[in-house]
**Student:** 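My structure is below; once you've seen it, I'll send some questions.
In what follows, chains carry the letters A, B, and so on, assigned in the order in which the sequence lines appear, proteins first and then strands, with residues in each chain numbered from 1.
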2 protein chains.
Amino acid sequence: MMAESTRRGVPEATVGRLPGYLRALTDLADAGRGSVSSEDLAQLLGIRSAQVRKDLSALGSYGVRGVGYDVARLCDQIAAELGLARQRAVVIVGLGNLGRALAAYGGLAPRGFEVVALVDNDPALVGTTVGGLPARRLDELDRGAGTLDVGVITTPAEAAQEVADTLVGLGVRSILNFAPVVLRVPDGVHVRAVDLSTELQILAFHEHQRLLADARGDEVG
Amino acid sequence: MMAESTRRGVPEATVGRLPGYLRALTDLADAGRGSVSSEDLAQLLGIRSAQVRKDLSALGSYGVRGVGYDVARLCDQIAAELGLARQRAVVIVGLGNLGRALAAYGGLAPRGFEVVALVDNDPALVGTTVGGLPARRLDELDRGAGTLDVGVITTPAEAAQEVADTLVGLGVRSILNFAPVVLRVPDGVHVRAVDLSTELQILAFHEHQRLLADARGDEVG
DNA sequence: GCATGTGAACTCATTCACAGCA
DNA sequence: TGCTGTGAATGAGTTCACATGC
(Lines give C-alpha, C1' and ligand atoms only; values in the text may rest on other atoms or scores of the structure.)
Protein backbone atom coordinates (compact mmCIF):
# COMPACT_ATOMS: atom_id res chain seq x y z
CA MET A 1 0.00 0.00 0.00
CA MET A 2 1.31 3.44 -0.93
CA ALA A 3 2.08 5.96 1.75
CA GLU A 4 0.00 9.07 2.32
CA SER A 5 2.54 11.85 1.78
CA THR A 6 6.06 10.74 2.68
CA ARG A 7 6.31 7.51 4.63
CA ARG A 8 7.61 8.07 8.13
CA GLY A 9 10.69 6.15 9.08
CA VAL A 10 13.31 8.43 10.50
CA PRO A 11 16.46 6.35 11.13
CA GLU A 12 17.27 5.85 14.79
CA ALA A 13 20.68 7.45 14.39
CA THR A 14 19.02 10.54 13.02
CA VAL A 15 16.54 10.64 15.90
CA GLY A 16 19.49 10.62 18.26
CA ARG A 17 20.78 13.81 16.66
CA LEU A 18 17.51 15.71 16.48
CA PRO A 19 17.81 17.11 20.02
CA GLY A 20 21.25 18.39 19.09
CA TYR A 21 19.90 20.15 16.02
CA LEU A 22 17.09 21.60 18.07
CA ARG A 23 19.49 22.99 20.63
CA ALA A 24 21.73 24.55 17.99
CA LEU A 25 18.77 26.02 16.13
CA THR A 26 17.27 27.46 19.30
CA ASP A 27 20.58 29.17 20.03
CA LEU A 28 20.74 30.50 16.48
CA ALA A 29 17.18 31.78 16.72
CA ASP A 30 17.99 33.52 20.00
CA ALA A 31 20.99 35.08 18.33
CA GLY A 32 18.70 36.44 15.64
CA ARG A 33 19.96 34.26 12.79
CA GLY A 34 17.33 33.82 10.09
CA SER A 35 18.91 31.05 8.09
CA VAL A 36 21.67 28.50 8.40
CA SER A 37 23.58 26.19 6.07
CA SER A 38 24.19 22.49 6.55
CA GLU A 39 27.86 23.33 6.87
CA ASP A 40 27.20 25.73 9.77
CA LEU A 41 25.06 23.18 11.57
CA ALA A 42 27.69 20.52 10.99
CA GLN A 43 30.30 22.74 12.66
CA LEU A 44 28.04 23.32 15.63
CA LEU A 45 27.32 19.62 16.15
CA GLY A 46 30.77 18.37 15.30
CA ILE A 47 29.59 16.22 12.37
CA ARG A 48 29.73 16.46 8.57
CA SER A 49 27.48 18.54 6.41
CA ALA A 50 26.32 15.61 4.31
CA GLN A 51 25.09 14.00 7.50
CA VAL A 52 23.12 17.11 8.35
CA ARG A 53 21.49 17.21 4.93
CA LYS A 54 20.58 13.53 5.05
CA ASP A 55 19.13 13.92 8.51
CA LEU A 56 17.08 16.97 7.67
CA SER A 57 15.84 15.61 4.38
CA ALA A 58 14.61 12.53 6.27
CA LEU A 59 12.19 14.91 8.00
CA GLY A 60 10.94 15.99 4.61
CA SER A 61 12.39 19.34 5.49
CA TYR A 62 12.43 22.20 3.07
CA GLY A 63 15.77 23.89 2.78
CA VAL A 64 16.40 26.38 0.00
CA ARG A 65 19.14 25.57 -2.49
CA GLY A 66 21.82 28.16 -2.62
CA VAL A 67 20.62 29.63 0.66
CA GLY A 68 20.19 27.16 3.50
CA TYR A 69 17.51 26.35 6.05
CA ASP A 70 15.11 28.80 7.68
CA VAL A 71 16.03 28.67 11.35
CA ALA A 72 12.62 29.31 12.87
CA ARG A 73 10.89 26.94 10.52
CA LEU A 74 13.37 24.13 11.05
CA CYS A 75 13.04 24.59 14.79
CA ASP A 76 9.30 24.12 14.56
CA GLN A 77 9.73 21.20 12.21
CA ILE A 78 12.04 19.32 14.58
CA ALA A 79 10.03 20.19 17.67
CA ALA A 80 6.98 18.79 15.91
CA GLU A 81 8.86 15.64 14.92
CA LEU A 82 9.86 15.12 18.54
CA GLY A 83 6.27 15.63 19.61
CA LEU A 84 7.19 18.58 21.80
CA ALA A 85 3.94 20.43 21.12
CA ARG A 86 2.53 18.64 24.11
CA GLN A 87 4.18 19.10 27.52
CA ARG A 88 5.22 15.73 29.01
CA ALA A 89 4.55 14.69 32.57
CA VAL A 90 7.60 13.19 34.27
CA VAL A 91 7.76 11.19 37.48
CA ILE A 92 11.07 10.72 39.26
CA VAL A 93 11.36 7.57 41.35
CA GLY A 94 14.19 7.43 43.86
CA LEU A 95 15.11 10.58 45.76
CA GLY A 96 18.73 9.93 46.56
CA ASN A 97 21.34 12.49 45.58
CA LEU A 98 20.80 11.97 41.88
CA GLY A 99 17.00 11.94 42.03
CA ARG A 100 16.94 15.15 44.03
CA ALA A 101 19.42 16.75 41.67
CA LEU A 102 17.23 15.90 38.69
CA ALA A 103 14.11 17.06 40.51
CA ALA A 104 15.72 20.43 41.12
CA TYR A 105 17.11 20.74 37.59
CA GLY A 106 15.61 23.73 35.85
CA GLY A 107 16.48 22.70 32.31
CA LEU A 108 13.53 20.39 31.80
CA ALA A 109 10.44 22.57 31.84
CA PRO A 110 11.64 24.88 29.05
CA ARG A 111 12.32 21.81 26.92
CA GLY A 112 8.86 20.33 27.26
CA PHE A 113 9.20 18.15 30.33
CA GLU A 114 7.46 18.91 33.59
CA VAL A 115 8.23 16.95 36.73
CA VAL A 116 4.78 16.29 38.21
CA ALA A 117 5.53 13.68 40.85
CA LEU A 118 8.35 12.51 43.11
CA VAL A 119 8.48 9.06 44.58
CA ASP A 120 10.51 7.36 47.28
CA ASN A 121 9.66 4.54 49.61
CA ASP A 122 11.91 5.72 52.43
CA PRO A 123 9.49 6.80 55.21
CA ALA A 124 11.96 9.50 56.25
CA LEU A 125 11.57 11.15 52.85
CA VAL A 126 7.86 10.69 52.20
CA GLY A 127 6.10 13.93 52.92
CA THR A 128 9.15 16.12 52.52
CA THR A 129 9.23 18.39 49.50
CA VAL A 130 11.90 18.83 46.85
CA GLY A 131 11.61 21.81 44.57
CA GLY A 132 8.07 22.42 45.78
CA LEU A 133 6.81 18.90 45.08
CA PRO A 134 5.96 16.42 47.83
CA ALA A 135 7.54 12.98 47.87
CA ARG A 136 5.05 10.11 47.94
CA ARG A 137 5.15 6.37 48.07
CA LEU A 138 5.14 4.50 44.80
CA ASP A 139 1.89 2.72 45.63
CA GLU A 140 0.06 6.01 46.09
CA LEU A 141 1.00 7.18 42.69
CA ASP A 142 -2.10 6.20 40.72
CA ARG A 143 -4.22 8.78 42.52
CA GLY A 144 -4.19 12.41 41.60
CA ALA A 145 -1.21 12.23 39.33
CA GLY A 146 -3.13 12.33 36.07
CA THR A 147 -1.38 10.73 33.12
CA LEU A 148 2.31 10.08 33.41
CA ASP A 149 4.37 10.12 30.24
CA VAL A 150 7.92 9.43 31.36
CA GLY A 151 9.34 7.61 34.35
CA VAL A 152 12.85 8.44 35.53
CA ILE A 153 14.35 5.71 37.72
CA THR A 154 17.07 6.83 40.12
CA THR A 155 16.71 4.06 42.69
CA PRO A 156 19.38 1.58 43.72
CA ALA A 157 19.84 -1.27 41.25
CA GLU A 158 17.96 -3.77 43.40
CA ALA A 159 14.72 -1.78 43.32
CA ALA A 160 14.77 -0.70 39.69
CA GLN A 161 13.02 -3.66 38.06
CA GLU A 162 10.13 -3.57 40.49
CA VAL A 163 9.77 0.16 39.99
CA ALA A 164 9.78 -0.31 36.24
CA ASP A 165 7.05 -2.95 36.51
CA THR A 166 4.93 -0.62 38.58
CA LEU A 167 5.44 2.29 36.22
CA VAL A 168 4.48 0.15 33.26
CA GLY A 169 1.39 -0.91 35.19
CA LEU A 170 0.49 2.75 35.56
CA GLY A 171 0.66 3.21 31.81
CA VAL A 172 4.12 4.72 31.51
CA ARG A 173 5.63 3.77 28.17
CA SER A 174 8.89 5.71 28.31
CA ILE A 175 11.52 5.08 30.96
CA LEU A 176 14.84 6.74 31.57
CA ASN A 177 16.88 4.40 33.75
CA PHE A 178 19.85 5.58 35.78
CA ALA A 179 20.13 2.37 37.78
CA PRO A 180 22.87 -0.01 36.68
CA VAL A 181 20.64 -2.89 35.62
CA VAL A 182 19.08 -4.04 32.38
CA LEU A 183 15.33 -3.56 32.72
CA ARG A 184 12.88 -6.09 31.32
CA VAL A 185 9.81 -4.35 29.91
CA PRO A 186 6.99 -5.39 27.59
CA ASP A 187 7.05 -4.57 23.88
CA GLY A 188 5.96 -1.04 23.23
CA VAL A 189 7.72 0.38 26.28
CA HIS A 190 10.88 2.28 25.55
CA VAL A 191 13.81 2.30 27.93
CA ARG A 192 16.91 4.41 27.69
CA ALA A 193 19.74 3.73 30.07
CA VAL A 194 22.25 6.21 31.45
CA ASP A 195 25.01 4.80 33.58
CA LEU A 196 27.93 6.74 34.95
CA SER A 197 30.19 3.74 35.50
CA THR A 198 29.57 2.51 31.98
CA GLU A 199 30.54 5.87 30.53
CA LEU A 200 33.68 6.08 32.64
CA GLN A 201 34.70 2.55 31.73
CA ILE A 202 34.33 3.31 28.05
CA LEU A 203 36.57 6.33 28.53
CA ALA A 204 38.99 4.14 30.45
CA PHE A 205 39.12 1.69 27.57
CA HIS A 206 40.21 4.35 25.14
CA GLU A 207 42.73 5.76 27.57
CA HIS A 208 44.12 2.28 28.06
CA GLN A 209 44.42 1.78 24.31
CA ARG A 210 46.28 5.05 23.93
CA LEU A 211 48.64 3.93 26.66
CA LEU A 212 49.32 0.67 24.86
CA ALA A 213 49.81 2.52 21.61
CA ASP A 214 52.24 4.96 23.24
CA ALA A 215 54.18 2.07 24.77
CA ARG A 216 54.52 0.53 21.32
CA GLY A 217 55.63 3.87 19.93
CA ASP A 218 52.82 3.88 17.36
CA GLU A 219 52.02 6.75 15.10
CA VAL A 220 48.96 8.64 16.22
CA GLY A 221 45.98 6.83 14.67
CA MET B 1 53.22 -6.55 8.77
CA MET B 2 51.80 -9.45 10.75
CA ALA B 3 50.38 -8.84 14.17
CA GLU B 4 52.02 -9.99 17.37
CA SER B 5 49.34 -12.31 18.72
CA THR B 6 45.90 -11.11 17.67
CA ARG B 7 45.70 -7.60 16.30
CA ARG B 8 43.86 -5.23 18.57
CA GLY B 9 40.84 -3.49 17.10
CA VAL B 10 37.80 -4.05 19.23
CA PRO B 11 34.79 -2.49 17.44
CA GLU B 12 33.37 0.56 19.16
CA ALA B 13 29.96 -1.05 19.53
CA THR B 14 31.58 -3.95 21.35
CA VAL B 15 33.45 -1.58 23.66
CA GLY B 16 30.13 -0.02 24.56
CA ARG B 17 28.87 -3.37 25.76
CA LEU B 18 31.95 -4.44 27.72
CA PRO B 19 30.89 -2.66 30.92
CA GLY B 20 27.59 -4.49 30.72
CA TYR B 21 29.33 -7.85 30.42
CA LEU B 22 31.58 -6.96 33.31
CA ARG B 23 28.63 -6.09 35.50
CA ALA B 24 26.79 -9.29 34.66
CA LEU B 25 29.90 -11.40 35.17
CA THR B 26 30.66 -9.75 38.51
CA ASP B 27 27.14 -10.58 39.66
CA LEU B 28 27.53 -14.16 38.46
CA ALA B 29 30.86 -14.50 40.24
CA ASP B 30 29.32 -13.15 43.45
CA ALA B 31 26.55 -15.71 43.06
CA GLY B 32 29.18 -18.43 42.85
CA ARG B 33 28.65 -19.33 39.19
CA GLY B 34 31.75 -20.90 37.67
CA SER B 35 30.83 -20.79 34.01
CA VAL B 36 28.28 -19.16 31.78
CA SER B 37 27.04 -19.63 28.21
CA SER B 38 26.65 -16.96 25.58
CA GLU B 39 22.92 -17.60 25.75
CA ASP B 40 22.84 -16.85 29.50
CA LEU B 41 24.81 -13.66 29.05
CA ALA B 42 22.57 -12.63 26.18
CA GLN B 43 19.52 -12.99 28.44
CA LEU B 44 21.15 -10.88 31.12
CA LEU B 45 22.07 -8.07 28.75
CA GLY B 46 18.95 -8.19 26.64
CA ILE B 47 20.82 -8.96 23.41
CA ARG B 48 21.36 -12.03 21.20
CA SER B 49 23.77 -14.82 21.86
CA ALA B 50 25.53 -14.47 18.52
CA GLN B 51 26.31 -10.90 19.50
CA VAL B 52 27.82 -12.06 22.76
CA ARG B 53 30.04 -14.60 21.03
CA LYS B 54 31.21 -12.07 18.44
CA ASP B 55 31.97 -9.54 21.14
CA LEU B 56 33.88 -11.96 23.32
CA SER B 57 35.81 -13.51 20.46
CA ALA B 58 36.93 -9.99 19.52
CA LEU B 59 38.81 -9.97 22.82
CA GLY B 60 40.57 -13.15 21.79
CA SER B 61 38.67 -14.72 24.63
CA TYR B 62 38.85 -18.39 25.32
CA GLY B 63 35.48 -20.00 25.76
CA VAL B 64 35.16 -23.76 25.85
CA ARG B 65 33.01 -25.40 23.17
CA GLY B 66 30.19 -27.40 24.60
CA VAL B 67 30.66 -25.72 27.98
CA GLY B 68 30.75 -21.94 27.94
CA TYR B 69 32.96 -19.23 29.43
CA ASP B 70 34.79 -19.33 32.73
CA VAL B 71 33.23 -16.52 34.74
CA ALA B 72 36.26 -15.48 36.80
CA ARG B 73 38.58 -15.59 33.85
CA LEU B 74 36.29 -13.63 31.58
CA CYS B 75 35.88 -11.03 34.30
CA ASP B 76 39.63 -10.57 34.48
CA GLN B 77 39.88 -10.54 30.71
CA ILE B 78 37.34 -7.74 30.31
CA ALA B 79 38.67 -5.75 33.25
CA ALA B 80 42.11 -5.93 31.66
CA GLU B 81 40.73 -4.86 28.30
CA LEU B 82 39.11 -1.84 29.93
CA GLY B 83 42.38 -1.04 31.64
CA LEU B 84 40.84 -1.29 35.09
CA ALA B 85 43.95 -2.70 36.69
CA ARG B 86 44.94 0.85 37.44
CA GLN B 87 42.69 3.05 39.57
CA ARG B 88 41.68 6.23 37.71
CA ALA B 89 41.76 9.68 39.22
CA VAL B 90 38.60 11.67 38.55
CA VAL B 91 38.02 15.40 38.95
CA ILE B 92 34.50 16.77 39.07
CA VAL B 93 34.11 20.35 37.88
CA GLY B 94 30.89 22.12 38.78
CA LEU B 95 29.37 21.51 42.18
CA GLY B 96 25.73 22.21 41.51
CA ASN B 97 23.13 19.61 42.40
CA LEU B 98 24.38 17.14 39.84
CA GLY B 99 28.07 17.61 40.59
CA ARG B 100 27.50 17.12 44.30
CA ALA B 101 25.36 14.06 43.64
CA LEU B 102 28.11 12.51 41.56
CA ALA B 103 30.75 13.45 44.14
CA ALA B 104 28.76 11.63 46.81
CA TYR B 105 28.01 8.59 44.64
CA GLY B 106 29.55 5.48 46.13
CA GLY B 107 29.42 3.36 43.01
CA LEU B 108 32.61 4.68 41.47
CA ALA B 109 35.45 3.60 43.73
CA PRO B 110 34.59 -0.12 43.57
CA ARG B 111 34.58 0.14 39.77
CA GLY B 112 38.02 1.65 39.52
CA PHE B 113 37.33 5.37 39.65
CA GLU B 114 38.35 7.54 42.55
CA VAL B 115 37.20 11.13 42.82
CA VAL B 116 40.35 12.99 43.86
CA ALA B 117 39.35 16.60 43.33
CA LEU B 118 36.30 18.82 43.30
CA VAL B 119 36.21 22.15 41.55
CA ASP B 120 33.87 25.11 41.51
CA ASN B 121 34.52 28.78 40.93
CA ASP B 122 31.69 29.99 43.15
CA PRO B 123 33.44 31.65 46.14
CA ALA B 124 30.60 30.51 48.38
CA LEU B 125 31.45 26.90 47.63
CA VAL B 126 35.22 27.02 47.57
CA GLY B 127 36.53 25.66 50.84
CA THR B 128 33.41 23.70 51.69
CA THR B 129 33.71 19.93 51.55
CA VAL B 130 31.57 17.36 49.78
CA GLY B 131 32.02 13.74 50.70
CA GLY B 132 35.19 14.61 52.59
CA LEU B 133 36.85 16.44 49.70
CA PRO B 134 37.38 20.19 49.66
CA ALA B 135 36.14 22.27 46.74
CA ARG B 136 38.83 24.35 45.05
CA ARG B 137 39.05 26.82 42.24
CA LEU B 138 39.82 25.49 38.79
CA ASP B 139 43.02 27.55 38.54
CA GLU B 140 44.44 25.98 41.70
CA LEU B 141 44.03 22.53 40.32
CA ASP B 142 47.50 21.90 38.94
CA ARG B 143 49.03 21.86 42.42
CA GLY B 144 48.83 18.84 44.65
CA ALA B 145 46.36 16.95 42.56
CA GLY B 146 48.82 14.53 41.02
CA THR B 147 47.82 13.14 37.65
CA LEU B 148 44.21 13.45 36.62
CA ASP B 149 42.78 10.81 34.32
CA VAL B 150 39.17 11.79 33.82
CA GLY B 151 37.38 15.13 34.00
CA VAL B 152 33.66 15.21 34.69
CA ILE B 153 32.03 18.48 33.66
CA THR B 154 28.82 19.39 35.47
CA THR B 155 28.95 23.15 35.03
CA PRO B 156 26.37 25.29 33.24
CA ALA B 157 26.63 25.14 29.47
CA GLU B 158 28.29 28.55 29.20
CA ALA B 159 31.30 27.50 31.27
CA ALA B 160 31.83 24.02 29.88
CA GLN B 161 34.11 24.80 26.93
CA GLU B 162 36.48 26.87 29.03
CA VAL B 163 36.60 24.15 31.66
CA ALA B 164 37.32 21.57 29.00
CA ASP B 165 40.16 23.68 27.63
CA THR B 166 41.66 23.98 31.09
CA LEU B 167 41.35 20.27 31.78
CA VAL B 168 43.01 19.44 28.49
CA GLY B 169 45.78 21.86 29.44
CA LEU B 170 46.27 19.91 32.65
CA GLY B 171 46.75 16.72 30.67
CA VAL B 172 43.28 15.22 31.00
CA ARG B 173 42.50 13.14 27.93
CA SER B 174 39.10 11.73 28.91
CA ILE B 175 36.11 13.94 29.56
CA LEU B 176 32.59 13.07 30.58
CA ASN B 177 30.40 16.04 29.76
CA PHE B 178 27.00 16.60 31.35
CA ALA B 179 26.67 20.15 30.07
CA PRO B 180 24.40 20.56 27.06
CA VAL B 181 27.03 21.76 24.61
CA VAL B 182 29.27 20.15 22.03
CA LEU B 183 32.84 20.44 23.30
CA ARG B 184 35.70 21.18 20.96
CA VAL B 185 38.82 19.27 21.98
CA PRO B 186 42.11 18.39 20.28
CA ASP B 187 42.63 15.01 18.64
CA GLY B 188 43.51 12.37 21.16
CA VAL B 189 41.11 13.66 23.79
CA HIS B 190 37.96 11.61 24.21
CA VAL B 191 34.67 13.18 25.16
CA ARG B 192 31.48 11.36 26.03
CA ALA B 193 28.34 13.39 26.45
CA VAL B 194 25.42 12.65 28.73
CA ASP B 195 22.44 14.93 28.46
CA LEU B 196 19.17 14.51 30.26
CA SER B 197 17.11 16.63 27.88
CA THR B 198 18.46 14.76 24.89
CA GLU B 199 17.49 11.43 26.39
CA LEU B 200 14.02 12.64 27.26
CA GLN B 201 13.49 14.10 23.82
CA ILE B 202 14.45 10.82 22.20
CA LEU B 203 11.91 9.07 24.39
CA ALA B 204 9.37 11.73 23.46
CA PHE B 205 9.99 11.06 19.79
CA HIS B 206 9.12 7.40 20.13
CA GLU B 207 6.10 8.16 22.25
CA HIS B 208 4.95 10.62 19.63
CA GLN B 209 5.39 8.01 16.89
CA ARG B 210 3.34 5.49 18.84
CA LEU B 211 0.63 8.10 19.21
CA LEU B 212 0.60 8.72 15.48
CA ALA B 213 0.53 5.00 14.85
CA ASP B 214 -2.36 4.52 17.27
CA ALA B 215 -4.27 7.35 15.64
CA ARG B 216 -3.87 5.64 12.29
CA GLY B 217 -5.04 2.37 13.81
CA ASP B 218 -1.84 0.62 12.78
CA GLU B 219 -0.93 -2.88 13.71
CA VAL B 220 1.65 -3.00 16.47
CA GLY B 221 5.07 -2.85 14.77
C1' DG C 1 25.84 -33.68 22.19
C1' DC C 2 26.52 -29.06 22.84
C1' DA C 3 28.05 -24.40 22.86
C1' DT C 4 31.80 -21.72 20.82
C1' DG C 5 33.85 -19.26 16.94
C1' DT C 6 33.30 -17.36 12.43
C1' DG C 7 32.51 -16.67 7.27
C1' DA C 8 28.71 -14.95 4.73
C1' DA C 9 24.39 -12.41 4.30
C1' DC C 10 22.02 -8.73 5.64
C1' DT C 11 20.69 -4.37 7.69
C1' DC C 12 21.76 0.07 9.17
C1' DA C 13 24.67 4.32 8.96
C1' DT C 14 27.98 7.43 6.97
C1' DT C 15 30.34 9.58 3.27
C1' DC C 16 30.97 10.81 -1.43
C1' DA C 17 30.01 13.27 -5.43
C1' DC C 18 27.09 15.49 -8.30
C1' DA C 19 22.57 16.71 -10.39
C1' DG C 20 19.10 20.19 -9.61
C1' DC C 21 17.43 24.47 -8.45
C1' DA C 22 17.15 29.16 -6.29
C1' DT D 1 27.33 30.65 -8.20
C1' DG D 2 26.17 28.24 -3.96
C1' DC D 3 23.89 25.08 -1.24
C1' DT D 4 20.40 21.55 -0.97
C1' DG D 5 18.79 16.86 -1.89
C1' DT D 6 19.96 12.26 -3.08
C1' DG D 7 21.57 7.98 -5.64
C1' DA D 8 25.59 5.32 -5.32
C1' DA D 9 29.64 3.69 -2.76
C1' DT D 10 31.56 2.53 1.33
C1' DG D 11 31.78 1.15 6.02
C1' DA D 12 30.07 -0.59 10.52
C1' DG D 13 27.27 -3.59 13.09
C1' DT D 14 24.14 -7.43 13.55
C1' DT D 15 22.24 -11.81 12.58
C1' DC D 16 22.39 -16.25 10.47
C1' DA D 17 23.87 -20.77 10.07
C1' DC D 18 27.13 -24.15 10.46
C1' DA D 19 31.75 -26.11 10.81
C1' DT D 20 34.73 -26.93 14.72
C1' DG D 21 36.32 -28.99 18.76
C1' DC D 22 35.73 -30.25 23.52
**Student:** Got A/Asp55 and A/Val52 here, is their nearest side-chain heavy-atom distance under 4.5 Å?
**Tutor:**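 No. Closest side-chain heavy atoms not under 4.5 Å.
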**Student:** To the nearest Å, how far apart are A/Ile47 CD1 and C/dT15 C1'?
**Tutor:**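 That distance rounds to 12 Å.
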**Student:** Looking at B/Arg184, is its backbone amide N or carbonyl O close enough to the side chain of B/Gln161 to form a donor-acceptor pair, meaning the two atoms are under 3.5 Å apart?
**Tutor:**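 Answer holds: yes.
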**Student:** Give a yes/no answer on whether the side chain of B/Gln51 brings an N or O atom under 4.0 Å of OP1 or OP2 in D/dT15.
**Tutor:**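 For D/dT15, OP1/OP2 do have a side-chain N/O of B/Gln51 under 4.0 Å.
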**Student:** Does the B/Thr198 side chain pair with the main chain of B/Val194, one donor and one acceptor, at a distance under 3.5 Å?
**Tutor:**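 No, B/Thr198 side chain to B/Val194 backbone: no donor-acceptor pair under 3.5 Å.
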**Student:** Using a 4.0 Å heavy-atom cut-off, does B/Arg48 contact any base of the nucleic acid, only the sugar-phosphate backbone, or nothing at all?
**Tutor:**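 It contacts sugar-phosphate atoms only.
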**Student:** Near DNA chain D, which residues from residues 30-45 of chain B have a heavy atom under 4.0 Å away?
**Tutor:**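 Heavy-atom contacts with DNA chain D come from no residue of residues 30-45 of chain B; none.
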**Student:** If you only use heavy atoms from C-beta on, which nucleotide in C/dT4, D/dT4, C/dA8 is closest to the side chain of B/Lys54?
**Tutor:**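 For the B/Lys54 side chain, the nearest candidate turns out to be C/dA8.
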**Student:** For the backbone of B/Leu138 and the side chain of B/Asn121, can you confirm whether one donor and one acceptor N or O come within less than 3.5 Å of each other?
**Tutor:**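 Such a contact is found between B/Asn121 side chain and B/Leu138 backbone.
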**Student:** Report yes or no: does B/Ser35 contribute a side-chain atom to a donor-acceptor pair with the main-chain N or O of B/Asp70 at less than 3.5 Å?
**Tutor:**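 Checking the backbone N and O of B/Asp70 against the side chain of B/Ser35, no donor-acceptor pair under 3.5 Å is found.
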**Student:** Indicate yes or no for a side-chain donor-acceptor contact from B/Thr154 to the backbone of B/Val93 under 3.5 Å, with no hydrogens or angles considered.
**Tutor:**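 Looks like yes, one N/O pair under 3.5 Å.
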**Student:** Tell me the interatomic distance from B/Gln77, atom CD, to C/dG5, atom P, rounded to whole angstroms.
**Tutor:**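 From B/Gln77 CD to C/dG5 P: 10 Å.
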**Student:** Looking at A/Arg53, does any N or O in its side chain come under 4.0 Å of the phosphate oxygens OP1/OP2 on C/dC16?
**Tutor:**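 Answer no for this pair, as no side-chain N or O of A/Arg53 is under 4.0 Å from OP1 or OP2.
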**Student:** Where the side chain of A/Arg100 meets the backbone of B/Ala101, is there a donor-acceptor pair that is under 3.5 Å apart?
**Tutor:**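 No, because the side chain of A/Arg100 does not come within donor-acceptor range (under 3.5 Å) of the backbone of B/Ala101.
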**Student:** Would you tabulate the nitrogen or oxygen pairs shorter than 3.5 Å linking the protein to nucleotides 19-22 of chain C?
**Tutor:**
{"unit_1": "C/dG20", "atom_1": "N3", "unit_2": "A/Arg65", "atom_2": "NH1", "d": "3.2"}

**Student:** Is it true that a side-chain atom of B/Arg23 and a backbone atom of A/Pro180 form a donor plus acceptor pair closer than 3.5 Å?
**Tutor:**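 It does hold such a pair.
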**Student:** Does A/Tyr62 have a side-chain nitrogen or oxygen under 4.0 Å from the phosphate oxygens OP1 or OP2 of D/dC3?
**Tutor:**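 So the side chain of A/Tyr62 is outside the cut-off, no N or O lying under 4.0 Å from OP1 or OP2 of D/dC3.
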**Student:** Rounded to whole angstrom units, what separation is found between the CG atom of B/Asp55 and the P atom of D/dA12?
**Tutor:**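 Taking atom P of D/dA12 as the reference, CG of B/Asp55 is at 16 Å.
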**Student:** Among the nucleotides D/dT14, C/dG5, D/dT4, which one has an atom lying closest to any side-chain atom of B/Arg17?
**Tutor:**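 Nearest to the side-chain atoms of B/Arg17, counting from C-beta on, is D/dT14.
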**Student:** Output yes when a side-chain donor or acceptor of B/Asn177 lies under 3.5 Å from a complementary backbone atom of B/Val181, and no otherwise.
**Tutor:**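 Yes: the side chain of B/Asn177 pairs with the backbone of B/Val181.
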